[in-house]
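Report on one structure; see the data block that follows.
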Amino acid sequence: MRSLFLLMLLLGCSHQVRIVAPTAVEPRVAHESKARNEMVTTQGDATTRAALSLFNKGGNIIDAFVAASFAISVERPHSTGIGGGGFLIYYSKEENKVYAFDFREIAPLASSSKMYLNKKGEPQPLLSQEGALAVANPGLVKGLFDIHQRFGKLPWKETVLPAIKLAREGFPLYEQLYEAIDDRKKILLHDPEAKKTFFTKEGKVPLLGTIIYQENLAKTLEIIADQGSDGFYRGSVADAIIKTIKQKRGILSHRDLKSYKMVERTPVTGIYKGLKIYSMPPPSSGGIHVIQILKMLEPYNMKQMGPQSADAVHLTAHAMQRAFLDRASYLGDPDFHPVPVNELLNEGYLTKLSETINAPKAIKASDLKPVPLPYESSDTTHFTIADREGNMIASTQTINGWFGSGVMAQGTGIVLNNEMDDFAQKIGVQNLFGAVGGQNNLVSPRKRPLSSMSPTIITKDDKPFMALGSPSGTRIITCVAQTILNAVEFEMPLYEAVAATRIHQQWQPDILKVEAPFLAPEVEQELKERGHNVVHERLGCSIQAIKKDKAGWHGVSDPRGTGLALGIN
Ligand code: GLY
C-alpha cells in the first residue's frame, strides 16, 4: 500500500523525482496520532517534539506555538525562519474568542512601485526573487515576542531553547531540504554564509543523512533568548543584517528593523454546514477564498455526487475559479486599499456566485472578466496545535520561495526572505511565472504583500471542532477548502480527508491541476469532455490538521511530505 502511494506521488511530480516520505516508519504511523490532552502536527519531527516539550514543562499553547516557530525555523530553513514572517489564528477556549495576528513582512521604507522596473519601464522578475532587493522587513521575531508577552506562561527563554539545541546539535539532511539546496545552489553558493552552512567544503550538496549544523543560527537564537525581539531588530544581529544588505545593494535599513510592528486583526468568518469557520483576513487572501469556495459548494448535494466524481470535481473547480477571480480583482493590504471583505463574504453575493458554477461545460478563464492576478511562490510551512483546555492554534509562516532571497545575514545563520515577490512588479504585466499583477498589490513603503496563507480554525456550537492549514502559495486556499469539504461534506475520517486526491484551479492559468493519487481515468476523461484542461501536477501542499473526536484530538500531518503528528495522553 505504502509503495503504491509513493509511486502515485512520483507520477504526480512535475519537476523532480524525489518525493519525501518518512523513511524509517510507515507514513501513517508518523503522520497520524490520537491523544486525550495535547496534539501537535508540524512539518518537522524535531519541531513537533519541541512543542510537546513545552507542554511537558508546564507551558501553555502559546509557549508551544513559539517553541514550534523557532524550531521549524531551524528544521526547515528553506521554507521559513526568523528572516521571514507569518500569521497566527488562536482560539482561546476560556474566552470563546478567536484572535488573528499578522506578523507578515513589510516593504522597506525606501521601496517604490517602480523599484523592479528598468529604465524602459520593463519588469525585472529576478530582482524581487533573488538577492538583497528581494528582502522585505521580517516580522516573525517581533510577532512571536509580542504574542508571548501577552499570552505566554513560561519564561520567553524556555521557548527558544529547543531551537538553539537543534541548531547546535544538528539533524540529518532529509530529502526535501536536499532538494531545496540543490534547486537553489546557484544563488546559495554565491553567499559565503549559505555556502558554509549548507554545502560541503568542496561546494557540493551534502549526502542525504549528513548532519546539518547551524552554529551561527544557534548563537543568534541565544541573543534573542536573552534580549527578546530587541536581540533581532537592534544590536549586533541587526547590524549584521543591514551590513549584508548594504554590501549586496539592498534597501532595508536600521529604521525599517526598529519600526516593525505586528498587527492584531479581526478574523474573517463564515457559517458552513452549521460550523463556524475563522480564518486569516487580508493581507492574506486565504481566509476569504476558503470560505467563498465552501459557501459556493454548500447548496449542492456534493455527498450524493461522491468525492472525486466528475460532477463534484467540475463544481469544485468552478468554485475555485470564481474565488480566484475575486482575489485578483479586490485583494491587497487593507492598510493601503479598502478590501470589501463583508461584500465578498455576503450571503446574497455568494448565493449568486454559487448559481454560476453549475454550467454544464468548463468555464474558460477568458469568458470571465479578465482582471490582474498576483503571483506567489510555493514554499512556506504550517503547524497546528491543540491542548487539554480546548485551545487551538493554526499558524502559517514563510520566507516565501525556497531559501527566500538566497541571502544570509553574514555571521548570523539567518536566511532572509524574498517576500517582495508576493507584490506585483507592474500592473498587467506577466512576471516570470506567467501571472500578472494588480493595482492593490503594487509595492509601497511599509505595505504588506498579498498572501494566500490560510490558517483556519473551525468551531461547532462554540466548541473546538477542527484546526488546519498548509504551505504552498495559492494552492493553500484550495487545499484547505478541499480538506474541510472532505471532512465535513463527505464525512471522511481525518487521515483520508487529508490524503485524498486534490485538485487546483486558479482562474489563470486556465488549467485544472490534479495531484496524485489521480482521479479515476474515466472521471478525468469526462472532465476533459466537459472542457477542463486537466494536467497532472504536484501541488506542494502539506496539510497539518487536528480535529476533535470523542476521546480527544485526532492529528494528521500530510503523508505527502515530512512531518509528525504526536500527542500527549
Ligand atoms: N509567500 C506565500 C504567501 O504568503 O502566500
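In listed order, ligands and their atoms are each counted from 1. Numbers for residues simply follow the sequence, beginning at 1.
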> Taking only heavy atoms of Arg104, which atoms of ligand 1 are found under 4.0 Å from at least one of them?
Replying inline: 4 (O)
>> As an exercise, identify every atom of ligand 1 less than 4.0 angstrom from a heavy atom of Met453.
In response: 3 (C), 4 (O), 5 (O)
> Hey, do the aromatic rings of Tyr178 and His78 have their centres closer than 6.0 Å?
Replying inline: no
> Which one holds for Ile476 and ligand 1: side chain close, backbone close, both close, or neither close, with close meaning a heavy atom under 4.0 Å?
Replying inline: neither
> So between Asn417, Ile399, Asp422, Thr80, whose heavy atom ends up nearest atom 2 (C) of ligand 1?
Replying inline: Asp422
> Is it true that the side chains of Gln425 and Ser128 contain a donor and an acceptor less than 3.5 Å apart?
Replying inline: yes
> Are side-chain N/O atoms of Ser557 and Gln544 paired as donor and acceptor at under 3.5 Å?
Replying inline: yes
Show me the donor-acceptor pairs within less than 3.5 Å that the side chains of residues 336-344 make with the rest of the protein, sequence neighbours left out.
| unit_1 | atom_1 | unit_2 | atom_2 | d |
| --- | --- | --- | --- | --- |
| His337 | NE2 | Asn440 | O | 3.3 |
| His337 | NE2 | Lys447 | NZ | 2.9 |

> Just distances here: any N/O of Glu419 and N/O of ligand 1 closer than 3.5 Å?
Replying inline: yes
> Where does the angle between the aromatic ring planes of Phe383 and Phe65 fall among parallel (under 30°), tilted (30 to 60°) and perpendicular (over 60°)?
Replying inline: tilted
